[in-house]
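To keep things clear, I will list the structure first and then write my remarks on it.
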Amino acid sequence: MSDRSAVPADLPADLLGGHLHTLRQAAATGLLPGRAELDAYSAAGSRAAELGLSLRVLVDTALAAADGLAGPAVLPALRKAVAAIMEGYDQAQLAAIRGADVERREFVDDLLQGRAERLAERAEHFGLRLAESYVVAVARGLQDVDPDRIERDLIARFGSHNILLAVRSSDGDELLVCVVPATLPAAVGEFTHHVRSRFPAGWRVGVGRPQRGPGGVVASYREAAGALELADRLGLKHDVVKAADLLVFPVLLRDRSAMEDLVTSVLSPLLDARGGPEPLLETLEAVFAAQGNQTAAARRLGISTRAVTYRLQRVRHLTGFSPDEPTQRFTLETAVLGARLLDWPP
């Protein structure tokens, strides 16, 4: 605009450089803005968005330039100019949002893989303090679900500086990963709520322990993913599995040969049972899960209490171990867990 006094102080003087000329031409000739003029308006809107300027101020300035101009084409020209300005502004904002999303997801991906290049500096950009403790939750079963919607809902409640979401692939599964401060345990619960309400049947969430620092985020993520794997191998029915509740199993697996020896020594006699070992193993698992309550175990298995009692007698007869005797019960339970971890029998 040639009249610089009409330009607000917070707008660059050249932002709407040809606007007044375009309006005067429309008033004098009836010609509407052409493609070149509309592209210039769109570019002005984009530049304003990139500079963080107010769209309202920009539009008000464009409208004010028409004061005192008359002619049937002035108003249509003004409408086209404002529409192009707004379109350019919106496109620039959308591009900025998408760019921030891409940058955010790249950062989360690098964080979970432990790539330490400029992590602390990049974390500050997203408001994270990596010296603090974080918890990672991992949801499996991401099918036909919009993770962006879940992220928006979580950010709306807890703030963008407290929520990091990313999609990662693992063994053919799409995992939705959520990183939250350990001081916000409600965020993990809210994440699980969204998974429960939006994921198809078969979903499961693994939760790592609170860990400190960038390396802690990686450790918590691996614990959460490991909890999902252990839950599968153990045949657990829980929808949400916590690494803190499964700490004994990595310990058991560290000495695989000892575990194999225990499973073989204690459970091999079950291979001779009529119908194979699986019904007896399932019965032992149900009894252990029910804290020895055979009635509750029967309900869990969908059989009679008498059938549970009979199967336990068979286990006692074949193995020599009784689930009613504390020491023997511990040996049996550890052997059954080991069998699931080792996929025994093959």
Side-chain angles (χ1 to χ4, degrees), residues 101 103-120 122-142 145 147-199 203-234 236 238-250:
D101 285 344
E103 184 181 357
R104 187 184 188 89
R105 296 185 191 284
E106 288 177 349
F107 167 72
V108 177
D109 197 54
D110 288 346
L111 183 63
L112 295 177
Q113 294 191 49
R115 293 196 288 255
E117 181 181 356
R118 295 177 51 243
L119 272 184
R122 294 162 66 194
E124 289 179 1
H125 176 67
F126 298 109
L128 270 72
R129 294 179 290 275
L130 290 183
E132 296 183 358
S133 294
Y134 287 85
V135 172
V136 180
V138 176
R140 189 183 59 202
L142 181 65
V145 177
D148 291 338
R149 182 178 174 186
I150 295 178
E151 184 176 37
R152 286 194 300 270
D153 289 345
L154 290 172
I155 287 175
R157 177 173 176 185
F158 298 103
S160 60
H161 291 169
N162 290 320
I163 298 293
L164 286 177
L165 249 66
V167 177
R168 290 183 57 80
S169 297
S170 176
D171 298 328
D173 285 331
E174 290 286 296
L175 303 178
L176 183 60
V177 182
C178 180
V179 183
V180 301
T183 53
L184 273 180
V188 175
E190 185 73 8
F191 172 72
T192 302
H193 165 73
H194 286 295
V195 171
R196 179 179 291 109
S197 60
R198 293 173 180 172
F199 276 43
W203 64 270
R204 179 174 272 164
V205 172
V207 183
R209 292 179 296 165
Q211 306 279 6
R212 185 176 296 277
V217 174
V218 178
S220 187
Y221 165 68
R222 289 175 178 169
E223 285 183 345
L228 292 178
E229 181 184 354
L230 277 173
D232 289 342
R233 294 171 68 179
L234 293 169
L236 299 182
H238 305 83
D239 294 329
V240 181
V241 287
K242 299 180 180 179
D245 296 336
L246 303 175
L247 289 177
V248 67
F249 302 110

Not counting sequence neighbours, list each pair that qualifies as a salt bridge (Lys or Arg N to Asp or Glu O under 4.0 Å) and has a residue in residues 155-168.
Asp109-Arg168, Arg157-Glu190
In terms of heavy-atom contacts, Ala244 and Leu247 come closest through O-CG, 3.6 Å
Minimum heavy-atom separation for Val241 to Ala231, with atom names?
CG1-CB, 3.8 Å
Say you draw a straight line from CG of Leu175 to CZ of Arg140; how long is it, rounded to the nearest 0.5 Å?
8.0 Å
Please name the pair of heavy atoms, one in Glu174 and one in Leu142, separated by the smallest distance, quoted to 0.1 Å.
O-CB, 3.6 Å
Note: Leu154 and Ala187 closest approach over all heavy atoms is CD2-O, 4.5 Å
From CD1 (Ile150) to CD1 (Ile155), nearest 0.5 Å:
12.0 Å
Arg209/Lys242 under side-chain contact (heavy atoms from CB on, under 4.5 Å): CA gap, chis, key distance, verdict
CA-CA 8 Å; Arg209 292 179 296 165; Lys242 299 180 180 179; over 6 Å; no
Any idea which heavy atoms bring Phe199 and Ala139 closest together, and the distance?
CE2-CB, 4.0 Å
Contact summary for Val145 and Arg198, nearest pair of heavy atoms:
CG2-O, 3.5 Å
Val167 and Val177, any side-chain heavy atoms less than 4.5 Å apart:
no
Among Val207, Leu176, Val180, side-chain contact (heavy atoms from CB on, under 4.5 Å) partner for Phe191
Leu176
